[in-house]
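Comments concern the structure below.
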Amino acid sequence: MNRYPLWKYLLIVFTIAVAAVYSLPNLFGETPAVQVSTNRQAIIINEQTQSKVDAALQNAGIQTDGMFVVDNSLKVRFKDTETQLKARDVIENTLGEGYITALNLLADSPEWMAKIKANPMFLGLDLRGGVHFTMQVDMKAAMQKTFERYSGDIRRELRREKIRSGTVRQAENSLTVPLQDAGDVQKALPQLRKLFPEATLNSDGSNIVLMLSEEAVNKVRSDAVKQNITTLHNRVNELGVAEPVIQQSGADRIVVQLPGVQDTAKAKDIIGRTATLEVRMVEDDPAKLREASEGNVPAGYELLSSGGDHPETLLISKQVELTGDNINDAQPSFDQMGAPAVSLSLDSAGGSIFGELTAANVGKRMAMVLIDQGKSEVVTAPVIRTAITGGRVEISGSMTTAEANDTSLLLRAGSLAAPMQIVEERTIGPSLGKENIEKGFHSTLWGFAIVAAFMVVYYRLMGFFSTIALSTNILFLIGILSAMQATLTLPGIAALALTLGMAIDSNVLINERIREELRAGVPPQQAINLGFQHAWATIVDSNLTSLIAGIALLVFGSGPVRGFAVVHCLGILTSMYSSVVVFRALVNLWYGRRRKLQNISIGAVWKPEAETAAGKE
């Protein structure tokens with residue numbers, strides 16, 4: 001009646017052992033490390049790279065706690081952060097160009113655990129420390145950039161059709177393209193409708209008017225946020241940050257959290273910068289330039305200054321011919337004079353546009369404009385000597401090697417659909433994160449201790465078995481979270497503490513149902529069996545309703561709410577297994593083989609007063 005077959009005991013022992021193995025890495029903590037990765041496909045990080053770094057560190061008198069290569073990345077451990085900082089400088093100087101050297105924290109668990117994917121849980125920003133940014137997307141600039149792209153596409157299409165047009169005029173949600181006559185309008189209109197299926201195009205005499213619906217405008221804004229999130233992911237990956245949080249917050253804001261980042265200045269510089277590259281034409285007419293310098297800037301142009309040792313003021317067209325959206329790759333390099341430069345590789349569309357642009361403007365100047373944090377600067381403005389085809393472009397100017405590296409990283413990571421502004425910035429130090437971990441651990445520990453003491457006092461031996469089952473529940477939950485490589489935050493710790501209180505409810509129900517059967521005069525062995533059977537339906541109902549609430553939080557919540565919901569839902573599932581299956585196994589082991597069981601250590605079994613009085617008579 002109260003016996004499990006051997007296979008079921010073995011299965012329970014196996015699940016507990018697996019949970020223990022995957023929970024253990026969380027006890028080893030983390031150690032400072034330097035992570036070396038590459039931003040070039042041609043460079044492979046292997047044992048030769050490891051030997052080179054090892055020799056450089058030994059020559060500098062810096063001791064390591066081990067190093068290893070994994071996933072084309074070299075990771076070097078150190079005893080303290082001071083040694084870590086010294087080692088980073090040595091490694092950067094040794095490897096040179098093409099490598100990304102970042103400060104990081106690595107799990108200090110044994111290598112055999114890492115081989116079976118037994119790694120510690122990632123800790124969130126509030127537990128590990130790091131930086132938090134809230135960035136607002138400039139939606140007006142997103143629409144402006146979209147219409148600038150439309151204008152460039154319209155001019156190129158009309159040029160292919162050999163249709164002459166005037167200056168494209170932009171309104172809030174429309175573009176007006178002036179043509180010479182109605183015949184040109186009828187010729188151009190079908191081609192432009194094919195080119196812009198998402199827009200409405202109508203003729204207004206000798207003009208073509210392109211308008212975007214409210215739905216199309218909302219899609220442009222939504223796509224701008226999504227593209228910026230993708231670009232930020234690419235930039236964060238270049239920094240080598242584990243488990244970053246980059247998500248939309250509201251209609252036009254993006255939250256960026258980088259747990260464990262020690263080099264916060266570098267992170268802010270890369271994340272906060274909004275570098276995009278635009279190719280525009282330069283107006284070299286001296287009269288127009290002189291007039292613009294006196295304050296009378298022609299419509300459709302702006303005055304920009306070039307950097308370098310010999311800066312000059314240029315009159316640049318606002319019409320964007322090519323953007324960073326067409327960049328496939330960007331790598332730091334050196335020009336023919338040996339100065340730092342950035343080599344660009346364009347996609348097929350970008351290469352075609354660039355070839356047509358240079359072929360049509362031989363002898364004219366073309367400006368490479370880098371827009372960073374709302375400021376535009378001309379990187380270089382060369383004279384087009386011949387058509388440039390093949391999609392390979394080099395931009396050079398007065399830039400240092402570090403600036404060439406950063407510029408190529410930003411361009412390679414992708415173009416932002418719209419500029420962003422940091423509206424909130426928080427830095428959480430490791431000491432504060434450590435304090436949060438200690439407080440969360442102590443609250444969970446004391447909660448467990450109080451619950452365990454109550455169960456043992458009130459339910460005696462059955463309460464002791466309940467406490468062991470509760471311990472396995474914590475083990476299962478931590479093991480699953482570690483195997484999933486989930487990110488644990490303070491709300492997650494709160495859900496863990498809540499799970500303890502909810503999990504013990506099932507054991508209370510089982511013990512009380514066994515007490516009821518004993519009060520009714522049922523023999524102890526049968527009372528145990530009936531107690532588990534009758535409590536099961538109630539346990540399922542109560543946990544199912546809690547699980548539905550947790551799933552709702554998981555689906556509709558965001559950020560910390562989702563972190564709480566994940567731990568909450570997993571805790572419900574593990575508690576049903578531990579409080580019923582594991583608890584029943586312990587009870588069966590202790591009482592199941594006693595054929596003449598007389599009583600159960602389950603505390604005082606109070607009988608109803610009427611029954612007690614009848615017994616006395």
Side-chain angles (χ1 to χ4, degrees), residues 2 4 12 16 19-20 23 439-478 493-543 546 568 571-572 574-594 596-609 611-612 615:
N2 293 318
Y4 273 165
I12 293 172
I16 294 175
S23 299
K439 288 182 177 179
F441 175 77
H442 289 151
S443 62
T444 305
L445 179 63
W446 282 106
F448 175 82
I450 293 172
V451 168
F454 169 79
M455 293 297 292
V456 172
V457 170
Y458 196 68
Y459 292 111
R460 306 297 172 84
L461 185 59
M462 294 292 282
F464 178 72
F465 291 154
S466 300
T467 302
I468 296 177
L470 186 62
S471 303
T472 61
N473 178 47
I474 299 175
L475 196 64
F476 290 137
L477 183 54
I478 294 177
I493 293 180
L496 186 62
L498 179 64
T499 299
L500 295 178
M502 295 178 61
I504 205 65
D505 285 350
S506 301
N507 296 102
V508 171
L509 283 171
I510 293 171
N511 289 332
E512 288 300 328
R513 291 309 298 260
I514 293 174
R515 278 183 170 183
E516 288 180 7
E517 299 298 335
L518 292 174
R519 290 190 197 106
V522 176
Q525 290 285 12
Q526 189 177 356
I528 292 173
N529 187 50
L530 293 175
F532 275 97
Q533 286 184 5
H534 295 162
W536 173 245
T538 306
I539 292 171
V540 172
D541 290 342
S542 62
N543 282 285
S546 298
H568 176 70
I572 291 173
T574 57
S575 68
M576 292 181 67
Y577 177 75
S578 62
S579 60
V580 176
V581 178
V582 177
F583 180 45
R584 181 71 183 268
L586 293 171
V587 174
N588 287 355
L589 276 175
W590 190 261
Y591 290 116
R593 300 188 180 278
R594 300 185 188 184
K596 298 180 180 180
L597 183 64
Q598 299 298 322
N599 54 63
I600 303 172
S601 178
I602 197 171
V605 180
W606 307 103
K607 294 185 178 182
E609 294 182 1
E611 183 180 341
T612 304

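Both backbone and side-chain heavy atoms feed into the values below; hydrogens, waters and symmetry mates do not.
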Can you list the residues that meet the side-chain hydrogen bond (donor to acceptor under 3.5 Å, both in side chains) rule with Tyr577, with sequence neighbours excluded?
Thr15

List for me each residue that meets side-chain hydrogen bond (donor to acceptor under 3.5 Å, both in side chains) alongside Thr574, sequence neighbours excluded, and say none if there are none.
Asn473

Hey, what do you get for [atom1] ([X]) to [atom2] ([Y]), rounding to the nearest 0.5 Å?
X      : Y      : atom1 : atom2 : value
Ile474 : Thr499 : CD1   : OG1   : 9.0 Å
Leu530 : Ile514 : CG    : CD1   : 9.5 Å
Ile510 : Ser579 : CD1   : OG    : 5.5 Å
Thr444 : His442 : OG1   : NE2   : 10.0 Å
Ser601 : Phe464 : OG    : CZ    : 11.0 Å
Met462 : Leu586 : CE    : CG    : 10.0 Å

Going by heavy atoms in the side chains, are [X] and [Y] under 4.5 Å from each other?
X      : Y      : value
Thr472 : Ile12  : no
Ile602 : Leu461 : no
Val508 : Met455 : yes
His534 : Asn529 : no

Testing Trp590, Trp536, Phe532, Phe465 for ring pair (Phe, Tyr, Trp, His ring centres under 6.0 Å) with Phe583, which one passes?
Phe532

Which pair of heavy atoms, one from [X] and one from [Y], lies closest together, and at what distance?
X      : Y      : value
Ala527 : Val522 : N-CG1, 3.6 Å
His568 : Leu498 : ND1-CD2, 4.2 Å
Tyr591 : Asn599 : CE2-O, 4.2 Å
Asn543 : Ser506 : ND2-OG, 3.8 Å
Leu477 : Gly571 : CD1-N, 3.7 Å
Ile600 : Pro524 : CD1-O, 3.6 Å

Determine, stepwise, if the pair Ser575 / Met502 fulfils side-chain contact (heavy atoms from CB on, under 4.5 Å).
CA-CA 8 Å; Ser575 68; Met502 295 178 61; over 6 Å; no

Is a side-chain N or O of Ser23 found less than 3.5 angstrom from the main chain of Leu475, in a donor-acceptor match?
yes

Going by the angle between their ring planes, with limits at 30° and 60°, are Phe454 and Tyr459 parallel, tilted or perpendicular?
perpendicular

Residues Asn511 and Arg515: side-chain donor-acceptor under 3.5 angstrom:
no

Looking at Arg513 and Glu516, is any side-chain nitrogen of the basic one under 4.0 Å from a carboxylate oxygen of the acidic one?
yes

side-chain contact (heavy atoms from CB on, under 4.5 Å) evaluation trace for Met576 with Val540:
CA-CA 8 Å; Met576 292 181 67; Val540 172; 4.1 Å; yes

